[in-house]
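Structure first, commentary second.
Residue numbers begin at 1 in each chain, while the letters A, B, ... track the order of the sequences. No experiment lies behind these values; they were computed from the predicted model shown.
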2 protein chains.
Amino acid sequence: MLTERQLLILKAIVDDYITNAEPVGSRSVSKRDEVSYSPATIRNEMSDLEELGFLEKPHSSAGRIPSQKGYRYYVDHLLSPTKLTKGEVSDIESVLDHRFNEFEQLIKQSAKVLSSLTSYTSIVLGPEVFESTLRQIQLIPISSSQAVVIIVTDTGHVESQTVQFPGDLEGAELEKVVNILNDRLRGVPLARLQDKLSVEISTLLKQYVNQYESMLKMLGEVFQTHQNEKVFYGGKTNILAQPEFNNVERVRNILNIFEEDTLVSKLFRSEGNGLTIKIGEENRFEPFDDCTIITATYSLDGNHMGTVGILGPTRMEYPRVISIMDYLSKDMTKILTAWHQKNS
Amino acid sequence: MLTERQLLILKAIVDDYITNAEPVGSRSVSKRDEVSYSPATIRNEMSDLEELGFLEKPHSSAGRIPSQKGYRYYVDHLLSPTKLTKGEVSDIESVLDHRFNEFEQLIKQSAKVLSSLTSYTSIVLGPEVFESTLRQIQLIPISSSQAVVIIVTDTGHVESQTVQFPGDLEGAELEKVVNILNDRLRGVPLARLQDKLSVEISTLLKQYVNQYESMLKMLGEVFQTHQNEKVFYGGKTNILAQPEFNNVERVRNILNIFEEDTLVSKLFRSEGNGLTIKIGEENRFEPFDDCTIITATYSLDGNHMGTVGILGPTRMEYPRVISIMDYLSKDMTKILTAWHQKNS
DNA sequence: TTTAGCACTCGCAGATCGAGAGTGCTAACA
DNA sequence: TGTTAGCACTCTCGATCTGCGAGTGCTAAA
């Protein structure tokens with residue numbers, strides 16, 4: 001167990017390092033208002049804290065920096081959340097209050113505010129489409145051989161896709177198909193559309209439609225090639241401004257990750273509900289060994305919908321970022337709920 | 001006028017510098033097969049070429065590097081286009097031959113091949129929507145207060161947009177509206193939809209539709225908020241691998257540009273038809289002062305449609321990149337034309 | 001238990017230096 | 001007269017050294 005004094009010093013060191021990005025020595029800890037011990041005393045304590053694994057020395061005559069364990073302890077026990085300033089609150093609210101037609105606009109906006117407020121990189125994951133269910137499906141021929149399929153989910157997400165399409169299908173038949181699909185598939189989770197298609201729908205189609213084979217094939221493709229949940233970024237290059245990332249090679253590794261949305265959505269998908277903080281190697285992903293990822297979830301009617309995330313250095317402004325994310329994710333939930341009620 | 005020998009030497013220097021990224025000295029020029037002069041002779045010529053502005057010295061005892069004027073001369077007069085290797089040709093063809101349903105898939109793929117073949121960053125601009133005309137418009141209610149508007153252009157581009165929608169519009173009326181719109185707007189350039197709407201359509205709607213006011217407002221918004229031409233990237237971080245970009249600050253400047261699609265599409269839109277090469281300051285954009293941008297256009301039925309572009313250092317593998325871009329843009333045009341014929 | 005004092009460590013920035021690459025000039029050569 | 005060998009000179013780069021400053025850890029005194 002750490003003594004009161006050790007806690008005080010650990011907190012002081014983390015706070016200092018977070019703002020200055022430089023190893024902090026005993027003298028500068030001692031000079032802080034909340035600390036009333038001499039440098040020598042601090043040194044002893046620091047030495048102990050190092051032995052316990054909370055601090056590290058870059059080299060023998062530099063100050064100490066928090067270790068991963070140190071950050072973890074800080075986050076779990078020491079950190080005092082900041083109250084958001086009026087400016088921050090109004091930044092968030094004004095951006096989110098903006099009237100929007102599409103779900104995605106809200107998410108894009110959120111990514112933008114989040115990155116501009118924190119000056120880290122923000123990642124916002126759209127709803128996990130596979131968990132949402134189908135509300136409506138439409139089929140619109142746009143040429144003799146092409147059609148647009150539109151799928152609307154219960155969460156209000158709209159997806160359109162152009163497909164090859166049996167040209168000689170006449171209007172009445174087409175309507176029939178659409179009716180069958182809507183009839184049978186409403187409420188079915190997107191992930192299960194495939195199954196339903198091959199089991200129920202195929203026999204039905206056979207009865208009513210001439211071109212049912214190519215139709216089936218087409219539908220099969222549509223249901224298969226669902227987009228993954230979309231990923232939105234804010235301030236992709238913000239992270240380059242952090243002093244710990246002044247190495248082009250490392251930067252490149254990280255930016256490359258951003259190019260693969262599936263990987264990103266795996267890395268940032270939050271498991272639990274609420275706020276999650278992963279520090280350094282806790283991310284279990286080497287390029288992020290000295291990054292911290294904070295995620296929060298937003299939801300609709302109590303159902304987990306998506307994740308907002310922040311990527312920054314382990315030396316992150318935890319108190320502020322946490323407060324912001326907490327506020328933002330709750331606000332998103334609120335607005336989403338209101339929006340959904342209005343549009344269902 | 002430059003002498004034969006000066007041309008030979010200039011070409012040798014540019015070629016060498018392009019591949020090695022290091023100032024080239026008289027000795028290494030002299031050692032080349034096509035050059036049969038002693039280093040001393042070369043030195044004299046190099047000195048002259050420098051005086052004429054084709055070469056530069058990083059410092060007095062380094063070799064020479066091509067100046068912007070040197071590259072320009074090289075590109076205009078000296079460069080011998082390489083023949084693409086079988087591998088390159090088949091890379092391009094196999095990627096583009098891939099069956100695709102949506103226009104954008106072709107463009108995305110093109111961006112990808114281009115960047116992977118050149119190892120620079122590729123930028124491909126989609127069709128300039130404002131120049132294309134409307135082929136079909138559809139309106140699908142998806143809830144009591146929302147609808148999806150789908151616009152198909154003559155180039156086969158499909159665009160969907162969710163909008164607020166007068167809920168109490170009944171089926172028959174809706175159909176009427178859609179018919180009017182299609183009737184009156186087919187063949188109209190997207191840029192002119194607004195005008196048409198306020199002039200012709202509004203009076204027509206007034207006759208047939210109860211909710212014509214909110215309907216008009218909604219349509220007005222749809223026609224206004226057209227997406228700009230889309231921008232697709234390939235190998236965004238490729239440029240970081242170039243030795244001239246090992247400075248995080250500069251890299252950040254360039255990557256930031258990529259975050260603003262409108263800016264990018266302005267910078268990369270090609271004016272003329274065919275291949276354009278802009279070297280360094282010719283780009284008239286400071287962050288690109290030591291970059292070269294090569295653009296080529298692809299077209300449909302002879303109409304300029306979009307642009308493929310490459311961003312790399314001024315020290316670019318001109319011969320190879322030019323050949324690749326030429327081939328790719330022509331292939332895109334070919335495939336696009338075939339695709340369009342099939343689907344119109 | 002806390003603190004002052006002090007020797008010690010180590011990285012960093014600046015200075016110095018030699019090696020290597022390349023130039024420019026001069027003088028000899030074909 | 002054009003070409004080339006020779007050579008002194010310039011400049012960068014990396015290695016080595018040095019003093020400084022920041023910071024530590026230990027000891028002994030308060």
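Put simply, CD on A/Glu50 is 15 Å from P on D/dG23, counting in whole angstrom units. One atom, CG of A/Asp48, and another, P of C/dT1, lie 12 Å apart when rounded to the nearest Å. In this structure, B/Glu56 places its CD atom 17 Å from C1' of C/dG22, rounding to the nearest Å.
With respect to the salt-bridge test (charged N to carboxylate O, under 4.0 angstrom), the residues A/Arg320 and A/Glu317 qualify. A salt bridge does not link B/Glu34 to B/Lys11: none of the charged side-chain nitrogens sits closer than 4.0 Å to a carboxylate oxygen.
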>> With side-chain contact (heavy atoms from CB on, under 4.5 Å) as the criterion, how do B/Thr292 and B/Lys278 come out once you've worked through the C-alpha distance, each side chain's angles and the decisive distance to 0.1 Å?
In response: CA-CA 6 Å; B/Thr292 283; B/Lys278 298 226 170 184; over 6 Å; no

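A donor-acceptor pair shorter than 3.5 Å cannot be found between the side chains of B/Ser119 and B/Asn238.
Interface residues of residues 5-33 of chain B facing DNA chain C, ordered by number: B/Gly25, B/Ser26; criterion, heavy-atom separation under 4.0 Å. The stretch residues 58-65 of chain A touches DNA chain C through A/His59, A/Ser60, A/Ser61, each having a heavy atom under 4.0 angstrom from the strand. Using a 4.0 Å cutoff on non-hydrogen atoms, the parts of residues 35-46 of chain B near DNA chain D are B/Tyr37, B/Ser38, B/Ala40, B/Thr41, B/Arg43, B/Asn44, ordered by number.
Classified by interplanar angle (parallel below 30°, tilted 30° to 60°, perpendicular above 60°), the ring pair B/Tyr73/B/His77 is tilted.
Phosphate contact (OP1/OP2 of D/dT12, side-chain N/O of B/Lys57, threshold under 4.0 Å): absent.
Ring centroids of A/Tyr74 and A/Tyr71 are separated by 6.0 Å or more, keeping the two rings apart.
Counting only heavy atoms from C-beta outward, the side chains of A/Tyr120 and A/Ile294 never approach each other to under 4.5 Å. When side chains are defined from C-beta on, A/Ser329 does not count as touching A/Leu275, because their heavy atoms never get closer than 4.5 Å.
With rounding to the nearest 0.5 angstrom, the CE atom of B/Met46 is 8.0 Å from the CD1 atom of B/Ile9.
Annotation: cation-pi geometry not satisfied between B/Lys236 and B/Phe258 (NZ/CZ under 6.0 angstrom from ring centroid, within 45° of ring axis).
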